[in-house]
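A quick write-up on the structure given underneath.
Just so we're on the same page: letters track the sequence lines, and every chain starts at 1.
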Amino acid sequence: MVKFLLRRLGLMVVILFLVSIIVFSLVHLTPGDPARMILGQEATEEALQALREQMGLNDPLYVQYFNWVTNVLQGDLGNSLKDNTPVLTVLLQKLPVTIQLSIMSFIIAMLIAIPAGIISATRKGTFWDYFGTTFALSGVSVPPFFLGILLIFIFSISLGWLAPSGYVEPWTNFKQSMLLMIMPALAVGVRLSAEITRMLRSSMLEVLEADYIRTAYAKGVLERGVVIGHALKNALIPVVTVSGLQLATFLGGAVITETIFAIPGLGRLVIDAIMTRDFPVVQGAVLFMAIAVVVVNFFIDVLYSILDPRIKLTGGQ
Amino acid sequence: MSKKVKVFAAVFMSFLLFLTGCSNSNSSSTGTEKSTTASAPAKTDKSELVVGLDDDPPQLDPHFSTAAVDRQVFHSIYDKLVDVDEELNFVPMLAEKWDISEDGKTYTFTLQKDVKFHDGTPFNAEAVKFNFERMMDPNTGSPRASELSSIEKIEVVDDTTLKVVLSEPYSPFLAALSDRAGMMVSPTAVKEKGKDFANSPVGTGPFKFVSRVKQDKIVVEKNADYWGGAPKFEKIVYRPYADENVRLTNLTSGDVDIISKVPPKDVEKLKNDSNLTLSETGALGFQGLYLNHKSEPFNNKALRQALDLVIDREAIIKVALRDTAVASAGAIPPGTWAYDESIKPKKKDIEKAKKIMADAGYPDGFEFTLQLSPKPVEEQISQMIQSMAKEAGIKVNLEMVEFGTMLDNMDNFKFDAVRLGWSGRTDPDGNIYALFNTEGSINYGYSNPKMDELLEQARVETDQKERKKIYSEATKLGQEEVPFIFIYHEKDYKAYKNNLQGYKHIADQMMRFHDVSFK
């Protein structure tokens, strides 16, 4: 176990190092001069030159990379080029917003997917199964941005029940925060729920065929007991993987949803920073997301082995 | 077996708790958020105005700002030395009056008395001097420096009198002071905060900065001691809505009171909405095609003229812009004092274009690449140009590029033509000199001694009638020389709730809320 953990941790460091190089090069090799983006179309050559110097853009690329990494390792992600705010502060401001959206989407997804998956599997071939699979198929096919617009149209414009967009911190006004977040969370969550429903249905069907289920029935365990107590737990293993991966991508994946619902989260931050060539913010945010994905995956692996003892954490021998 | 379920649940719950734990600790570490009270989704508060902006303002320091959207917020926080009224005349603001010497070189400003910055610092001639010097200092790196470059000497006569001597007459000077170069920031705050000033701006304006959450909101509150009388709102919340549909939805649903930009496709719909007022005015800029004069094909005047003649401006305005623009004959937009009605926009004339090309040795037309930003309206305009040009045998290749890349290509002359415009300036000099003069900041290789002479002359001329004549002559020369293909002048639209009163729509497109209130 310890060996496995160490190996995974080592791998994480290597991955993050590679990510840092890729992020850095991508940002610096894209055409477009950040100084020009900041000063605008009419800036004079002297002003541009002065700003480039100030931003260290005249240094060779490897020097810039080295400076950046050295600072990052000391916890300094640099300052935004636009208004000089430390990148770390900006990220920490955005993080709770995206986490709130992710958690709510995740809960919504689970609330829909687990019953739907179980019913589809246990009532295979019935109306409910078709209903569930149709839902899953449409959920996967409908992009979140479309669903988002649809929700705004129905609940804000036609019915007038919910505000179309905006954000309020939960600690300022919990109820309002939840009301504002419910539509974006649905837009993101439905897609995940559809994926999980499909996943759960098929793995559930597989598990229900297994010998030990038949044994359980033979021993006289009631159907509910078999499904919930025996089958569900084992069928959940692949589901954990899928949802774990999804949870990681939530951090950056809700970009369009955040734009549609005017939610000030990480996704929009990155888009805005890219549009204005705010290098330090782009680098910081992407690096941050990469760390999040790697860390979440690490935990998923650990969780996986706890759920299924057949998966041994022995470092790959 | 159930033990493992419990383990799973425990791990999962602790993960969630860890995440929520993060969020709480972060909230307290970023203190600015605490002080903001969230705006209610269903708005009932009449002392609070919610403004929908078209983008998130990058900068709150006027001396560093280059984005138009920043200025929307500046007008609440900062005062300018000079303002413009609905007819675009210069009117007093922080400068109560000004005298311009006979030779047009010395400006003597008399400043408002008893004005204080939000932090208590007195506003006086010293403060203005400090502001000018800050912008002019090359170490500041302010984009304003070029607008103030003609200043030779700044002299503080007394607390309320400031003399500015220019090295040569520069007529656009007052216009510069009616924009960001004339916005006064608190010297104390700048000295204390340095570069961080952009995050806690201090001006003398009708509203004080309270807090900002990027991409979410900027909150300002009433400055009860405002020298021009306290404003009517306790608070203004600026919210950025980059997506135009989202912006409009929030206005129609009642969550936002006024929006800064209305997409052309929705103008008609808003005109018919009885709950909302749609206000229209001409804007100050121009839109069209930038041409690269340093290489083929547009270093050839005949080919520029031919392209100019194949464009049906009215068709573009009607189809792509839904009549939210007017055809353009030059850099000076209608509604401004220098506009000359007698100069008409070019009409489409395929035969003439073909003849010009044949005479210049291009009987079969020519080919070029037009770069454009990936936006639906831009695409439509460019495709229309493409098919119009085809009629005369000109082949247009369309290339979509992201904005930063586009600017980069322009800087490096890696383009034939670019579909882009210019947001415009209050003084015509800011539109026309920049575009037509050899040294102009948005000129891409065009140079003509006659044109340079005219534009320099217009800069130093102080009589407005004479200036207008010179600009007309330059515009006519521009129609002949075609340094830029002018297509249209945009109109500016603001939409707001009917219960909002006192709103004046000024062509500089900036929203001023000092005199605005709810009925």
More than 12 heavy atoms from other groups under 6.0 Å of CZ on A:Phe174: no

Within 6.0 Å of CD in B:Glu439, more than 12 heavy atoms from elsewhere: no

Part of A:Ser80 lying under 4.5 Å from any heavy atom of chain B: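 Contact with chain B is through the side chain of A:Ser80 alone.
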
Find the distance between [atom1] ([X]) and [atom2] ([Y]) and round it off to the nearest 0.5 Å.
X	Y	atom1	atom2	value
B:Asp55	A:Asp272	CG	CG	6.5 Å
B:Leu407	A:Arg277	CG	CZ	9.0 Å
A:Ile271	B:Asp56	CD1	CG	13.5 Å
A:Phe261	B:Asp243	CZ	CG	11.0 Å
B:Gln215	A:Lys94	CD	NZ	4.0 Å
A:Leu269	B:Asp216	CG	CG	12.5 Å

Interface moiety of [X] toward chain A, non-hydrogen atoms closer than 4.5 Å:
X	answer
B:Thr252	neither
B:Leu60	neither
B:Met406	neither

Options B:Asp61, B:Asp408, B:Leu420, B:Asn245, ranked by heavy-atom pairs under 4.5 Å with chain A, top entry: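 That would be B:Asp408.
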
Heavy-atom pair with the smallest gap, counting every atom of B:Val246 and A:Thr259: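 In terms of heavy atoms, the two residues are closest at CG2-O, 4.2 Å.
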
Chain B interface, residue from A:Leu48, A:Asn84, A:Val90, A:Ile263 that has the most non-hydrogen pairs under 4.5 Å: A:Asn84

Side-chain touch B:Lys214/A:Thr85, heavy atoms, less than 4.5 angstrom: yes

